[in-house]
Amino acid sequence: MSVKINYKNIANFLPKEELLGLKEKTYAARKVLVEKTGAGNDFLGWINWTVDYDKEEYARIKKAAEKIRKDSEVLVVIGIGGSYLGAKAVIEAMKNYFPTEKEVEIIFAGQTLSSTYAAQLLKYLENKEFSINVISKSGTTTEPAVAFRLFKELLEKKYGKADAAKRIYATTDKAKGALRVLATKEGYETFIVPDDIGGRYSWFTAVGLLPIAASGINIDDLMKGAEQARVDAINNEFEENSCLLYAASRNALYNKGLDVEILVSYEPKLSFISEWWKQLYGESEGKDNKGVFPASLVYSTDLHSMGQYVQEGKRIMFETVLNVERPEENIILKKEEVDLDQLNYLEGKDLDSVNKMAMQGTILAHVDGGVPNLVLAIEEINAYNIGYLLYFFMFSCGVCCYLTGVNPFNQPGVESYKKNMFALLEKPGYEAMTEELKKRL
């Protein structure tokens, strides 16, 4: 498997025999997921999407991405939650930290209601050639709908309404909703948000693939990696199935009272993989007063801020470490004549090996401090492995949720803040709530 699991450092908390004893229970959860017999089964289109995707739309995604790369300096991707996190996770992981050549800049909007962010982005775009990819199944979700109004206005002012329409790409429902109506009326090129795939599982549909392709990433390799992850997760035996072993391990640790999982990376590029992962597990598992709380840290940076708590704070957590075995680039450390910083002992070592020793030393220290550590390793960061990793997490999440006894594919709690916000904004239809909420403020 392209994601290898090392569970040696949870053995003091979850003996190997106990983990292997969860095989049949985990198989049963996988069976419910694959055969689509559990709660939320009408949102399982992602399971076989790597082979069932619309080939004609996929070709149009590539063509649209090429057009964007030719006529735009910036693509503004407007969406929130799963409508932006997957694409941003892949792009942040795959692109150079510092651009080495001219490329389309992918900027995300509609994921925040910050007036400062919106105003400064509008100003930034004034002298840029740009296009918009607006992503919303309904077209009425507040954050992206507000952003689309603002950036569409600037685009139409800059290019005129007719030419602006050629620079707007709408990813939305195939037949209904406000954005579908507008896209049809104005002639925007459209792509589909599948009815049977929820937002946090949608990164390898048009939702994520258009901005990913526009950034220059090879989406063919991305999809190949996801497909291999599907094959491995469904077919491999428990002892050789990293996906199932991860699901069983985290569920067993949760049942032992460890309510927080920290996803740790030693490569800052992966920080938005962690953000996507937090939405995936948080929205999927966190309901009915159940579920592991997903958190994330980037080491060794955060060892100098949160390391003390992890080492000696309340014992409510376990860590899952993402290990990239081979870096994209490396540096050999040299000797200095005057060893004031006392680093000459590192002469001839490469910087990645120093990073790896920081990782190994931290794992051992945290295990000694009572924090179980799982390690998930990929050989290197490339499109194939990132595609594999994201599907790996989705499949494992579905298994985890069925092990926990919750519906992986709904998110009823998300609606609570929206109702309050609408009432406080005095949206028509919410009048009965408005006065009561204002009294509470």
Side-chain angles (χ1 to χ4, degrees), residues 64 68 74-88 106-125 130-159 161 164-195 197-200 202-203 205-208 210-211 214 279 283 410-431 433-434 437:
I68 292 166
V74 177
L75 174 65
V76 180
V77 180
I78 298 174
I80 196 167
S83 294
Y84 96 100
L85 276 170
K88 188 166 178 65
I106 311 297
I107 298 179
F108 293 86
Q111 83 282 24
T112 173
L113 288 169
S114 166
S115 57
T116 303
Y117 183 92
Q120 292 184 3
L121 180 52
L122 286 165
K123 186 174 182 180
Y124 178 75
L125 293 170
F130 76 100
S131 297
I132 293 173
N133 176 206
V134 55
I135 306 165
S136 176
K137 192 166 179 63
S138 66
T140 59
T141 303
T142 305
E143 294 90 340
V146 167
F148 186 46
R149 276 197 178 195
L150 296 172
F151 293 102
K152 177 166 67 74
E153 179 183 8
L154 177 61
L155 197 72
E156 291 177 347
K157 180 180 178 181
K158 186 178 182 71
Y159 297 104
K161 194 165 185 176
K166 298 174 184 177
R167 289 175 170 268
I168 296 175
Y169 304 85
T171 307
T172 189
D173 190 88
K174 64 183 177 183
K176 63 182 186 299
L179 183 55
R180 166 55 62 184
V181 171
L182 180 63
T184 301
K185 177 185 174 185
E186 301 295 339
Y188 305 153
E189 182 165 7
T190 59
F191 301 93
I192 304 304
V193 178
D195 289 335
I197 300 179
R200 56 189 177 275
S202 69
W203 66 270
T205 71
V207 170
L210 178 56
Q279 187 208 7
E283 278 196 352
N410 67 351
Q411 54 279 338
V414 174
E415 300 305 313
S416 298
Y417 94 88
K418 294 181 182 179
K419 292 176 182 177
N420 289 346
M421 178 179 68
F422 293 152
L424 292 170
L425 288 169
E426 301 182 8
K427 182 177 181 178
Y430 288 82
E431 294 84 358
M433 294 177 60
T434 301
L437 290 178

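Given the structure is predicted, the values throughout are model-derived calculations rather than measurements.
- Going from atom CE of Met421 over to atom CD of Glu143 covers 5.5 Å, rounded to the nearest 0.5 Å.
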Original post:
Yes or no on side chain to side chain contact (heavy atoms under 4.5 Å, CB included) for Phe422 and Thr142, after CA distance, side-chain angles and deciding distance?
Top reply: CA-CA 9 Å; Phe422 293 152; Thr142 305; 3.1 Å; yes

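- Residue Phe148 comes nearest to Ile78 through the heavy atom pair CA-CD1, 3.7 Å, listed as atom of the first residue, atom of the second, then distance.
- Between Ala64 and Phe191, the shortest heavy-atom distance links the atoms CB-CZ, 3.9 Å.
- A heavy-atom distance below 4.5 Å is found between the side chains of Ser131 and Leu75.
- With hydrogens and angles ignored, the 3.5 Å screen pairs no side-chain donor or acceptor of Thr190 with any backbone N or O of Ala170.
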Subject >> Stepwise side chain to side chain contact (heavy atoms under 4.5 Å, CB included) check, Phe151 with Leu121 >> reply: CA-CA 9 Å; Phe151 293 102; Leu121 180 52; 3.5 Å; yes

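- A donor-acceptor contact shorter than 3.5 Å is absent between the side chain of Ser138 and the backbone of Gly177.
- For the pairing with Ile132, the side chain to side chain contact (heavy atoms under 4.5 Å, CB included) check across Leu154, Val77, Leu155 returns one residue only, Leu155.
- A donor-acceptor pair is defined here as one N or O able to donate and one able to accept, closer than 3.5 Å; no such pair exists between the side chain of Arg200 and the backbone of Gly81.
- No donor-acceptor pair under 3.5 Å is formed between the side chain of Lys88 and the backbone N or O of Phe108.
- Separating the NZ atom in Lys174 from the NZ atom in Lys137 is a distance of 8.0 Å, to the nearest 0.5 Å.
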Original post:
Can you check side chain to side chain contact (heavy atoms under 4.5 Å, CB included) on Met433 and Asn420, steps first, answer last?
Top reply: CA-CA 8 Å; Met433 294 177 60; Asn420 289 346; 3.5 Å; yes

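- Across Ile135, Leu210, Val134, a single residue satisfies side chain to side chain contact (heavy atoms under 4.5 Å, CB included) together with Tyr169, and that is Leu210.
- Proximity of Tyr124 to Ile107: side-chain heavy atoms (C-beta onward) are separated by under 4.5 Å at one or more points.
- Distance alone, capped at 3.5 Å, is enough to place a donor-acceptor pair between the Arg180 side chain and the Asp173 backbone.
- Side-chain N or O atoms of Glu431 include one that pairs as donor or acceptor with a backbone N or O of Gly429 at under 3.5 Å.
- To the nearest 0.5 Å, atoms OG1 (Thr171) and CG (Asn133) are separated by 4.0 Å.
- Between Pro144 and Ile80 the shortest heavy-atom distance is CD-CG2, 4.0 Å.
- Summarising the geometry, atom CG belonging to Leu182 is positioned 4.0 Å from atom OH belonging to Tyr188; distances are rounded to the nearest 0.5 Å.
- Residues Tyr159 and Ala164 approach most closely at CB-N, 4.0 Å, considering heavy atoms.
- Other residues, nucleotides and ligands contribute more than 12 heavy atoms inside 6.0 Å of the NZ atom of Lys418.
- The shortest heavy-atom contact between Ile106 and Pro211 is CD1-O, 3.9 Å.
- Distance NZ/Lys419 to NZ/Lys427: 12.0 Å, rounded to 0.5 Å.
- Ile192 approaches Pro194 most closely through the heavy-atom pair O-CD, 3.3 Å.
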Subject >> Worked check of side chain to side chain contact (heavy atoms under 4.5 Å, CB included) between Val193 and Thr205 >> reply: CA-CA 7 Å; Val193 178; Thr205 71; over 6 Å; no

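- To the nearest 0.5 Å, the span separating CD on Glu186 from CD on Glu156 amounts to 7.0 Å.
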